Amino acid sequence: MNYWLLKSEPHSFSLDDLAAAPGQTTAWEGVRNYQARNFLRDGLRIGDQAFFYHSSIAQPAIVGLVEVTRAAYPDASAFDPGSPYYDPASSPQAPRWYCVDVRLIERLRRPITLAGLKRCPALADFALLRRGNRLSVLAVSAAQWACILDLAAAPLA
DNA sequence: GCCAACGTTGGC
DNA sequence: GCCAACGTTGGC
């Protein structure tokens, strides 16, 4: 099993939205970056787990855990002229963009803030913390995953 | 709102 | 294939 981190701006899709979705499951659609697309298409497999990360807010943070319940399939939002994710260069015959389905595993009792992640020396190499990082789907090593879960379980300092 | 970082586009 | 211009992301 592999581990990932999925970013979302809560203004457009939040953990609450996922919790309210049928089956607490959603298609992770709208990714329009090739590197992130490649992770979605080739990396994420059924059973993989991911952190759900809220970006572009006052306190960016990991807020939940999700599980991949369906591996890559064409992102239909790219075919919909009414969608903000519409891409006329993608077609059902030759899809350019892919999505996966994810299901909520659990909401963290206490979000792990970006500031908290930065305070952890073991996460110095974590891609999320790299300067200028903008990838919305990124890989998390098993060691990083465990370290972050420890942060989530640690008593308040 | 600002700005650094990065990806994409398009002229040449 | 280079590279400047532009758009987007995302923390602050």
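By convention in this document, chain letters (A, B, ...) are assigned in the order of the sequence lines, proteins followed by strands, and residues within each chain are numbered from 1. A quick note: this is a predicted structure, and the numbers were derived from the prediction, not measured.
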Distance-only, no hydrogens or angles: does the [X] side chain make a donor-acceptor pair with backbone N or O of [Y] under 3.5 Å?
X: A:Gln24; Y: A:Ala21; result: no
X: A:Gln49; Y: A:Glu67; result: no
X: A:Thr25; Y: A:Gly23; result: yes

Between A:Arg130 and A:Asp125, is there a salt bridge with N-O shorter than 4.0 Å? no
Donor-acceptor pairs under 3.5 angstrom involving side-chain atoms of residues 51-58 of chain A: please list them, not counting sequence neighbours.
unit_1, atom_1, unit_2, atom_2, d
A:His54, NE2, A:Leu15, N, 3.1

Hey, what's the ring geometry for A:Tyr3 with A:Trp145, parallel, tilted or perpendicular (30° and 60° as the breaks)? parallel
Contact boundaries on DNA chain C for chain A, cut-off under 4.0 Å to non-hydrogen atoms: C:dG7 to C:dC12
Do A:Asp87 and A:Ser90 have side-chain atoms, one donor and one acceptor, less than 3.5 Å apart? no
Proximity to DNA chain B (any heavy atom under 4.0 Å), residues of residues 126-138 of chain A only: A:Arg131, A:Gly132, A:Arg134
N/O donor-acceptor pairs under 3.5 Å from side chains in residues 78-86 of chain A, not counting sequence neighbours:
unit_1, atom_1, unit_2, atom_2, d
A:Asp80, OD1, A:Gly82, N, 2.8
A:Ser83, OG, A:Tyr85, N, 2.9

Nucleic acid contacts - residues 49-56 of chain A versus DNA chain C, non-hydrogen atoms under 4.0 Å: A:Tyr53, A:Ser55, A:Ser56
Non-hydrogen atoms of A:Val100 and A:Leu40 that approach each other most closely: CG1-O, 3.7 Å
When the side chains of residues 70-77 of chain A are checked against the rest of the protein, which donor-acceptor pairs come out under 3.5 Å, sequence neighbours left out?
unit_1, atom_1, unit_2, atom_2, d
A:Tyr73, OH, A:Asp101, OD1, 2.4
A:Asp75, OD1, A:Ser77, N, 2.9
A:Asp75, OD1, A:Ser77, OG, 2.6
A:Asp75, OD2, A:Gly30, N, 2.8
A:Asp75, OD2, A:Arg32, NH1, 3.0
A:Asp75, OD2, A:Arg32, NH2, 3.3
A:Asp75, OD2, A:Ser77, OG, 3.3
A:Ser77, OG, A:Arg32, NH2, 3.0

